[in-house]
2 protein chains.
Amino acid sequence: MTPRLPAFTDAPVRQSSVRAHNLALALTTVVNSANPISRAALASATGLTRATVSALVDELIAGDLLTEVEPPPRTGAGRPAAGLAPAPDGPVGLGLEINVDYLAACVVDLTGAVRHRLVSHADQRPVDAAQALSGLAALAGRARELAEADGLRAAGAALAVPGLVGADGRVRVAPNLGWQDVDARALLQAELDLPVAVDNEANLAALSELRAAGGRPSFVYVSGEIGIGAGLVLDGTLYRGVRGWSGEIGHVSIDPDGPACRCGAHGCLELFAGQEAIQSAAARSSTARALTAAGRALGIALAAVVNLLDVDTIVLGGGYAPLVPDLAGPIEAELRRRVLTFDLAPVELRAAALGADAAMRGAADAVIRSVQQDPAAWLANRLSGRAS
Amino acid sequence: MTPRLPAFTDAPVRQSSVRAHNLALALTTVVNSANPISRAALASATGLTRATVSALVDELIAGDLLTEVEPPPRTGAGRPAAGLAPAPDGPVGLGLEINVDYLAACVVDLTGAVRHRLVSHADQRPVDAAQALSGLAALAGRARELAEADGLRAAGAALAVPGLVGADGRVRVAPNLGWQDVDARALLQAELDLPVAVDNEANLAALSELRAAGGRPSFVYVSGEIGIGAGLVLDGTLYRGVRGWSGEIGHVSIDPDGPACRCGAHGCLELFAGQEAIQSAAARSSTARALTAAGRALGIALAAVVNLLDVDTIVLGGGYAPLVPDLAGPIEAELRRRVLTFDLAPVELRAAALGADAAMRGAADAVIRSVQQDPAAWLANRLSGRAS
DNA sequence: GCCAAATAATTCAGGCAATAAACAAATCCG
DNA sequence: CGGATTTGTTTATTGCCTGAATTATTTGGC
């Protein structure tokens, strides 16, 4: 069988694209392998010949994307292998986050290590969007200087925003920040002189969960803050929707005739399982009861997600992560009752691996992921960047 | 900018894959263009050079996938162009459907024309799965003979089933047929000696809506029969879920404390908007009221879908299609209330283009789509098939 | 201690597919 | 009728992968 290219077809392929694709294949295979891997192992893992892999690896090493490291443990006779691993001094991603009461920036390298991390606590509501973003750009600039002092060059930046973000990087609405129609990408790009991506915080937090997972995982990441957002990872890729507004699980209806929501509808999930709802319910009765009720509502909404999307894993993040021991029971009870296929295959429910840093970390991951998925572009860009 | 291959990377690419990809690109571009297109226009549409396009087209014509037709209307000076169009005598797809009270088969060619259509009305519940499938195989065999009498060769078959179908073609459950764990693919493949795909009827019906749509549409297709199923088309591809069980919208919760559903949960959409629910409600009050109530429930469930997936179009099919004039009002009212982004961008609601044939037609489409997306495989197969 | 077996990595000729540029074909228009 | 124009083909060149042969480096048996 001839290996097939992905199904959707809308751009021509030429020899250079073949190279680009195979460079990405080699690099991602090295990055995703737990231990250093030899060229020979890489060849058999990818299906390319050893000759080709050698050439690709040479190019990736020359481009500071891979390095040779100590060989993996020996296994019998033969010439020892040279181990390959992502280069710690290769391009880094700048992960940025803005929220109601803090600004944050981090620097993550190709190995996934966080090299620097800066957080600035300050209420962002009094200042306007331009000021907030310029404060963030300053923080990002400091993070970048720290990175450059280590000899690290940033491939780009990504920003996590608690709001609706369009595909063009414009923030349409960010209720808690009081933002409306803010071209965050343009503003940051101008100040940083770097490619900048902007995305919803739940989407980026979901991406951060993708780090450890092998294969092509599909899961819903639910982030419980003041609002409730979800990031959908389907077949290993973040699904953003037609306009980038996917994952608004907070306004899924739990009780169509329930209390009025600030969105104008009635009985939204947020009213039952949002941070404020949990707190006020805890004050009225007990924390245990409040969490049971919230878990039940979450379970109803998540059952709808699983019925619709057939994902096999649910990740609870943000404010929900520490509450998982209390929430898991009621959520699972509802899933068992309402997911049509529950008896055929279970749904895994787990807490997010990262805590409050998930969105910022996912933002940085998004940058290095873009380098991993198109190393040829980075290599070309790197040279022209140095020339300028 | 170098054209980029799709993001996910897990197979090596070699020269033959380049050819395969560009053959698919050329073929799908011709198929998707409304009028016959010239080689030169094809070159500028795809971004390939005219020389390359000529070579690709020669191969596609030799393989009975394209034909030269009358040139499109002239536009000024220059050598007249030769028109290209999908070949009507190329490979055909066999679309099959099994349901409670009928079996059906159709033959669809590369141009999308239905060449033959056979329906056999008979209650399938009394017979067991093996018998039903062998009856279907017989019907499919007749359709295939009709096609072969026209000199048409079947590239494969696809079967639409009202139930949960795994990725391996096994039917896990089909409640209305009384099926459980039926390896429909193996049984049909053995009798037809053709590659057979099996999928849920709503999924395939959704595919049939993809025919006219250009670009990379994203929509939900909702099919209202005895149960309610949905097919999700995201970015131009059918999303099947991890195990192939996506789209079970019928058991999304409308009222968590509502009446008991046969699935074991309470207040599922099916109890408010299923065929039986509408009929009994109509008997109790009036048809108009029954449809308003059903529309309201559908609107609540669809608002959840739109909030989660950010699709911009909803297609009502199956039993809902003729009811759209009555359902649209209440559905839209709920969408307006509950979809968070409704004010930013509207959601289009429309009736399915095809009626009862949608699933069978979508099945045939799936087959010819697979040829269009990998013509190289068909060309290789075709030769070896003739040799044997 | 040395040689055979084994495994890793590189080198080199060959082939395939795309590109670019020149050429041939067929029409319009003045 | 001849130049301009557009379509489609031919030819030389280039890039990248493959496969086989070659070099490099170790283990293990005698």
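None of the values given here were measured: they were computed from a predicted structure. First the proteins, then the strands, lettered A, B, ... as listed; each starts at 1.
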Calculate, to the nearest 0.5 Å, the distance between atoms CG and OG belonging to Leu23(A) and Ser17(A) respectively. 11.5 Å
Okay, side chain of His116(A), backbone of Val108(A): is any donor-acceptor separation there less than 3.5 Å? no
How do Ala51(B) and Ala77(B) order along DNA chain C: which one's closest nucleotide is nearer the 5' end? Ala51(B)
Salt bridge between Asp235(A) and Arg216(A), side-chain N to carboxylate O under 4.0 Å? no
Leu48(B) CG to dT7(D) P, straight-line distance once rounded to whole Å: 16 Å
Could you check whether the side chain of Arg79(B) and the base of dA26(C) have a donor-acceptor pair of N or O atoms closer than 3.5 Å, going by distance alone? no
Quick check: any donor-acceptor pair below 3.5 Å linking the side-chain of Arg50(B) to the base of dG8(D)? yes
What nucleotide, of dT7(D), dA20(D), dA9(C), holds the atom closest to the side chain of Ala81(B)? dT7(D)
Please pick, from dA8(C), dT25(D), dT7(D), the nucleotide with the shortest atom-to-atom distance to any side-chain atom of Ser38(A). dA8(C)
Distance check: side-chain N/O of Arg14(A) vs OP1/OP2 of dT19(C), anything under 4.0 Å? yes
For Ile37(A) and dA8(C), give me the distance from atom CD1 to atom C1', rounded to whole Å. 14 Å
Between N or O atoms, less than 3.5 Å apart, protein on one side and nucleotides 14-17 of chain C on the other: list the pairs.
unit_1	atom_1	unit_2	atom_2	d
dG15(C)	N2	Gln15(B)	NE2	3.0
dA17(C)	N3	Gln15(A)	NE2	2.6

So does Thr49(B) get a side-chain nitrogen or oxygen closer than 4.0 Å to the phosphate oxygens (OP1/OP2) of dA20(C)? no
Lys/Arg N to Asp/Glu carboxylate O, Asp365(A) vs Arg211(A), below 4.0 Å: yes
Whether Arg243(A) and Asp310(B) form a salt bridge (side-chain N of Lys/Arg under 4.0 Å from carboxylate O of Asp/Glu) is what I want to check. yes
Terminal axes of the helix from dG1(C)-dC30(D) to dC23(C)-dG8(D) (5 end pairs apiece), angle rounded to 10 degrees, sit apart by 0°
Any ion pair linking Glu68(A) and Arg39(A) (charged N to carboxylate O, less than 4.0 Å)? yes
Do Asp199(A) and Arg240(A) sit within salt-bridge range, that is, some charged N less than 4.0 Å from a carboxylate O? yes
Rounded to the nearest 0.5 Å, what's the gap from CG on Asn22(A) to CD on Glu59(A)? Could you check? 11.0 Å
Indicate every side-chain donor-acceptor pair of residues 81-89 of chain B with a distance under 3.5 Å to a residue at least two apart or in another chain.
none

Considering only side-chain heavy atoms of Leu56(B), which listed nucleotide, dT10(C), dT19(C), dA18(C), is closest? dA18(C)
